[in-house]
Asker: 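Here it is, the structure, as structure tokens.
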Amino acid sequence: SFSFENEEGCRTMTLSEAIVTRFLVLMRERDFSQYDFYTKGGVPKATVSQILNGTRRKNIAISSLYQMTSTMGITLGEFFSDPIFDEVID
């Protein structure tokens, strides 16, 4: 898990950790795989892998997020409306 508790006992995470967590939850809920992103949405395999494995932490392109959320059939607004983003510290 990416989250940790701060001095007040509140769960916190970085933006990139929240993005990865949100994608993994949605993928599990929708029975979606990494393979689906590049076969159904044309998202480059390396991009999907780097985002979901957390190796692309500081420069996740909005266009990549858009392409991935569109492939899943949701908008960026729907993606970012999850309460997990209320816990972001950076």
Side-chain angles (χ1 to χ4, degrees):
S1 170
F2 292 112
S3 64
F4 64 93
E5 292 188 1
N6 64 15
E7 304 83 42
E8 293 82 37
C10 298
R11 283 183 33 201
T12 57
M13 62 180 61
T14 66
L15 179 58
S16 60
E17 290 167 345
I19 288 170
V20 170
T21 301
R22 178 74 167 129
F23 270 120
L24 294 176
V25 167
L26 287 169
M27 288 169 67
R28 188 172 36 245
E29 289 174 354
R30 296 166 184 249
D31 195 30
F32 215 84
S33 70
Q34 287 189 26
Y35 182 76
D36 292 323
F37 285 114
Y38 38 91
T39 59
K40 296 178 181 177
V43 185
K45 189 175 185 177
T47 299
V48 173
S49 178
Q50 289 169 353
I51 290 172
L52 296 179
N53 294 326
T55 56
R56 184 178 287 190
R57 292 200 179 271
K58 289 293 179 187
N59 89 20
I60 300 172
I62 294 294
S63 59
S64 295
L65 291 179
Y66 174 77
Q67 198 173 10
M68 290 174 72
T69 56
S70 294
T71 301
M72 295 187 91
I74 63 171
T75 66
L76 284 172
E78 291 168 317
F79 182 82
F80 284 110
S81 69
D82 191 272
I84 196 169
F85 293 103
D86 296 338
E87 302 172 10
V88 170
I89 58 168
D90 69 348

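Because the structure is a prediction, the values reported are computed rather than measured.
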Asker: From Leu26 CG over to Thr21 OG1, what is the distance, rounded to the nearest 0.5 angstrom?
Answerer: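 If I round to the nearest 0.5 Å, the distance is 11.0 Å.
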
Asker: Any idea which heavy atoms bring Gln34 and Met27 closest together, and the distance?
Answerer: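 Smallest heavy-atom distance, with atoms named: N-CE, 3.7 Å.
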
Asker: Once you round to the nearest 0.5 Å, how far does CD1 of Ile84 lie from CZ of Arg22?
Answerer: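 So the CD1 of Ile84 and the CZ of Arg22 are separated by 8.0 Å.
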
Asker: Can you sort out the partners of Phe79 under ring pair (Phe, Tyr, Trp, His ring centres under 6.0 Å), two or more places apart, ordered by chain and number?
Answerer: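 Phe79 satisfies ring pair (Phe, Tyr, Trp, His ring centres under 6.0 Å) with Phe23, Phe85 once adjacent residues are dropped.
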
Asker: Does Val88 belong to the same Ile/Leu/Val/Met/Phe/Trp/Tyr cluster as Val25, with side-chain heavy atoms less than 4.5 Å apart forming each link?
Answerer: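 Not linked; separate clusters.
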
Asker: How about Asp31: does its CG atom have over 12 heavy atoms from other parts shown lying under 6.0 Å from it?
Answerer: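 At most 12 heavy atoms, drawn from other residues, nucleotides or ligands, come within 6.0 Å of this atom.
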
Asker: Enumerate, atom names and distances included, each donor-acceptor pair closer than 3.5 Å involving a side-chain atom of residues 68-75, sequence neighbours excluded.
Answerer:
unit_1, atom_1, unit_2, atom_2, d
Thr69, OG1, Leu65, O, 3.0
Thr69, OG1, Tyr66, O, 3.1
Ser70, OG, Tyr66, O, 2.9
Thr71, OG1, Gln67, O, 2.7
Thr75, OG1, Gly77, N, 3.4
Thr75, OG1, Glu78, N, 3.0
Thr75, OG1, Glu78, OE1, 3.4

Asker: Once salt bridge (charged side-chain N to carboxylate O under 4.0 Å, His left out) is applied, what residue pairs with a partner in residues 33-48 remain, sequence neighbours excluded?
Answerer: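 Those involving residues 33-48 are Asp36-Lys40.
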
Asker: Of the non-hydrogen atoms in Ser16 and Ile60, which two are nearest, and what is the gap between them?
Answerer: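 Scanning both residues completely, I find the closest heavy atoms to be CB-CD1, 4.2 Å.
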
Asker: Do the side chains of Met13 and Val20 get nearer than 4.5 Å, heavy atoms only?
Answerer: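 Sidechains of Met13 and Val20: no contact.
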
Asker: Enter the distance from Tyr38:OH to Ser49:OG here, rounded to the nearest 0.5 Å.
Answerer: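 Result: 8.0 Å between the selected atoms.
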
Asker: If you measure from CD1 on Ile19 to CG on Leu24, what distance do you get to the nearest 0.5 Å?
Answerer: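 Reported value, rounded in 0.5 Å steps: 12.0 Å.
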
